[in-house]
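Encoded as structure tokens, the structure appears first; notes follow it.
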Amino acid sequence: MINPSNLTSASSNDPATVNFMSRRLFFLQDIQILELFVALFVFVVIHSLRQKRHHGLAVWPVLGMLPSLVGGLRTNMYEWLTDILCRQNGTFRFKGPLFSSLNCVVTSDPRNLEHLLKSKFPNFPKGPFFRDTVDDLLGNGIFSADDETWQRQRKTASIEFHSAKFRQLTTESLLELVHFRLLPVLENSIEQSLPIDLQDVLLRLTFDNVCMIAFGVDPGCLHPGLPEIPFAKAFEDATEATVQRFVSPTCIWKAMRYLNVGTEKKLKISIKGVDEFAEDVIRTRKKELSMQSDDKKQRSDLLTVFMGLKDEQGQPFSDKFLRDICVNFILAGRDTSSVALSWFFWLLEKNPAVEERILAEICRIVGERAEVKTGECGSPLIFRPEEIKKMDYLQAALSEALRLYPSVPVDHKEVVEDDIFPDGTVLKRGTKVIYAIYSMGRMESIWGKDCKEFKPERWLRDGRFMSESAYKFTAFNGGPRLCLGKDFAYYQMKFAASSIIYRYRVKVVKNHPVEPKLALTMYMKHGLKVNIYRRDESELQRCLKRQL
């Protein structure tokens, strides 16, 4: 008779059986470890997603909100940011990866903006982080400078901007550029029946304009044939690459700069193109000044004024500082107005009733001319400065375009001493503050339920243009850093826009993609391809007669 215990003993000593039992035991242990990892992963995911309700975005261990930011960068970054701010009542705290530089407070609350731009202005400078990030492009110019360096530049520029010479130069240069360069380019587009990139044309217009009035040079970007200007491409590439630094951990972009790879390599190349242009402008201007006799009438432009000043040590400003002056004022005068006009014409085509009302206003103002009333109107029609000033509805439409598509969509500050925002947000020393100007134009709490509509009427009171608080409409900044060129920008945009609208209809090419590019200013990512059509003379005559 067989003893069962002997079978058990035999089987337990069998190597195959022992191996099978060992594998099964390890398999069970692996299953348990996997289950623990799955359970831990599910817990982390649920916990991180629950943070979204309180913080606005999911907060992941170690990575913080970085995964959400990466997702936002792949879409429309500004709309992504707006959606979060709307959910968080206008302010949220972005938490970057551990030991990164991405931690900041993001706000679109007008109360907070008035606090940081005006009430507590000294406590919220641009700060060392901003200066370090944009230093390669903007250097120590007015956009990035703080304290005495900023004050000196602003005071000098302010005196020049408000001088009678500057206003006269602005008027004369715009007349030259619009009537003898811009309009012929548009006419050429009509004659050849070819679409044109209106954003590119407007960038050329404003670039020529700012160089003529700020540096006393004419780069000729808007000459017939639209010659290739290496600086323009280099400058746009530089602003785009610089913005990438703001959405990357500092250690990453500095490592890329050291290794000269990726966007940092692109930035280095584009900065070289920017520097070459600025250095050529400075060199040419210095040569002209050295050859100029003392009794000859002194030129009135910003660069010449700064060349005649001294630094803190009583020495003439260095070429590096003059280069920074040039680049900063190009950013201020070239990109902002042209980008705003591009979005304006895009919005205008989507809202034909607004275009008709602008045309009616122009005809009413032109109809006040004595020669028009007597039927002796000559051609070409050139708008007078006093007529541009009367175009309230046009200014309202331009302001509405800037509300929805501000030329500078976000801006940056840094906290010097511990503070608290009016909405209760606690700010520790060194905290970076981002104020989202683009998002402000889309907040129902600021502009009402129709905030996403293009509605120029919201800017009118009894038919006259009325500006909003700079802390509600921050396209031109506010407080001590309020844009010095605000009046110049409006005049430039109104003169160019009215000259085009009176003569032409601008139609965006069918299916042309329109979306913002992530850069220091809100370029259209694919430009603005349009077809230009002349207005019938009979249409203009009917419009003028209705206003008489």
Side-chain angles (χ1 to χ4, degrees), residues 57 59-78 80-81 94-104 106 126-141 143-146 228-280 318-321 323-324 326-328 330-331 335 408-414 430-432 434 516-523 525:
L57 291 171
V59 184
W60 300 92
V62 183
L63 295 176
M65 296 176 174
L66 184 60
S68 298
L69 176 61
V70 171
L73 289 170
R74 292 185 173 185
T75 59
N76 184 330
M77 177 70 176
Y78 306 117
W80 173 80
L81 199 60
F94 184 88
K95 298 184 178 182
L98 288 178
F99 311 112
S100 79
S101 58
L102 294 180
N103 297 294
C104 62
V106 185
K126 288 288 186 177
F129 172 79
F130 183 87
R131 285 197 299 276
D132 186 41
T133 305
V134 304
D135 182 64
D136 291 340
L137 176 62
L138 300 182
N140 210 20
F143 270 115
S144 57
D146 285 317
E228 185 67 30
I229 306 295
F231 168 84
K233 181 68 168 62
F235 192 77
E236 187 173 333
D237 288 345
T239 63
E240 185 178 357
T242 298
V243 162
Q244 293 298 324
R245 290 180 170 184
F246 284 99
V247 294
S248 305
T250 301
C251 60
I252 299 295
W253 69 256
K254 285 195 172 182
M256 291 172 65
R257 182 173 65 179
Y258 178 78
L259 296 170
N260 195 30
V261 296
T263 55
E264 287 300 311
K265 181 178 181 180
K266 177 182 177 182
L267 179 61
K268 186 177 180 180
I269 294 170
S270 58
I271 289 292
K272 186 179 179 181
V274 171
D275 289 348
E276 286 175 354
F277 173 81
E279 288 162 5
D280 184 56
S318 67
D319 284 359
K320 170 65 171 65
F321 183 78
R323 173 265 181 209
D324 295 345
C326 288
V327 173
N328 277 255
I330 287 171
L331 179 65
D335 287 23
V408 180
V410 296
D411 211 340
H412 177 282
K413 296 286 186 178
E414 197 164 318
T431 300
K432 293 181 283 293
I434 306 294
K517 177 188 281 190
L518 189 63
L520 290 179
T521 48
M522 191 173 277
Y523 295 109
K525 191 173 184 178

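All values below were derived from every heavy atom in this structure, side-chain atoms included, with hydrogens, water molecules and symmetry-related copies excluded. For this chain, numbers begin at 1 and follow the sequence in order.
Atom-to-atom distance recorded for Leu520:CG and Asp411:CG is 9.5 Å, nearest 0.5 angstrom. Here Met65 contributes atom CE and Asn103 contributes atom CG; the two are 9.5 Å apart, rounded to the nearest 0.5 Å.
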Using the rule given for side-chain contact (heavy atoms from CB on, under 4.5 Å), can you reason through Asp275 versus Arg323, listing the C-alpha separation, both sets of side-chain angles and the distance that settles it, and then say yes or no? CA-CA 7 Å; Asp275 289 348; Arg323 173 265 181 209; 2.7 Å; yes

List the steps, then state whether side-chain contact (heavy atoms from CB on, under 4.5 Å) holds for Leu138 with Asp324. CA-CA 6 Å; Leu138 300 182; Asp324 295 345; over 6 Å; no

Begin from the C-alpha positions of Asp135 and Arg245 and carry the test salt bridge (Lys or Arg N to Asp or Glu O under 4.0 Å) through to its verdict. CA-CA 11 Å; Asp135 182 64; Arg245 290 180 170 184; over 6 Å; no

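Atom NZ of Lys265 has 12 or fewer neighbouring heavy atoms from other residues, nucleotides or ligands inside a 6.0 Å radius.
Residues Thr521 and Asp335 have side chains that bring a donor and an acceptor to within less than 3.5 angstrom of each other.
Counting only heavy atoms from C-beta outward, the side chains of Phe130 and Lys413 never approach each other to under 4.5 Å. Looking at Leu57 and Lys95, their side chains never come closer than 4.5 Å, going by heavy atoms from C-beta outward. Val70 is not listed as a side-chain neighbour of Val247, based on a closest heavy-atom distance of 4.5 Å or more.
Qualifying ring pair (Phe, Tyr, Trp, His ring centres under 6.0 Å) partners for Phe143, counting only residues two or more places apart in sequence or in other chains: none. Every residue two or more places apart in sequence or in another chain that forms a side chain to side chain contact (heavy atoms under 4.5 Å, CB included) with Lys268 is listed here: Asn260. Remark: Phe94 engages no residue in a ring pair (Phe, Tyr, Trp, His ring centres under 6.0 Å) (not counting sequence neighbours). The ring pair (Phe, Tyr, Trp, His ring centres under 6.0 Å) check on Phe231 picks up Phe207, Phe235, Phe277, with sequence neighbours excluded. Evaluation of the salt bridge (charged side-chain N to carboxylate O under 4.0 Å, His left out) rule for Lys272 yields no partner, not counting sequence neighbours.
The two residues Pro67 and Gly64 come nearest to each other via the heavy atoms CD-O, 3.8 Å.
Comment: Glu228 does not engage Lys233 in a salt bridge, judged by the lack of any side-chain N to carboxylate O separation of less than 4.0 angstrom. Comment: Glu240 engages Lys517 in a salt bridge, judged by a side-chain N to carboxylate O separation of less than 4.0 angstrom.
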Could you give the side-chain donor-acceptor pairs of residues 248-257 under 3.5 Å, partners two or more places apart or in another chain?
residue: Ser248; atom: OG; partner: Gln244; partner atom: O; Å: 2.8
residue: Thr250; atom: OG1; partner: Ser101; partner atom: OG; Å: 2.6
residue: Lys254; atom: NZ; partner: Asp132; partner atom: OD2; Å: 3.0

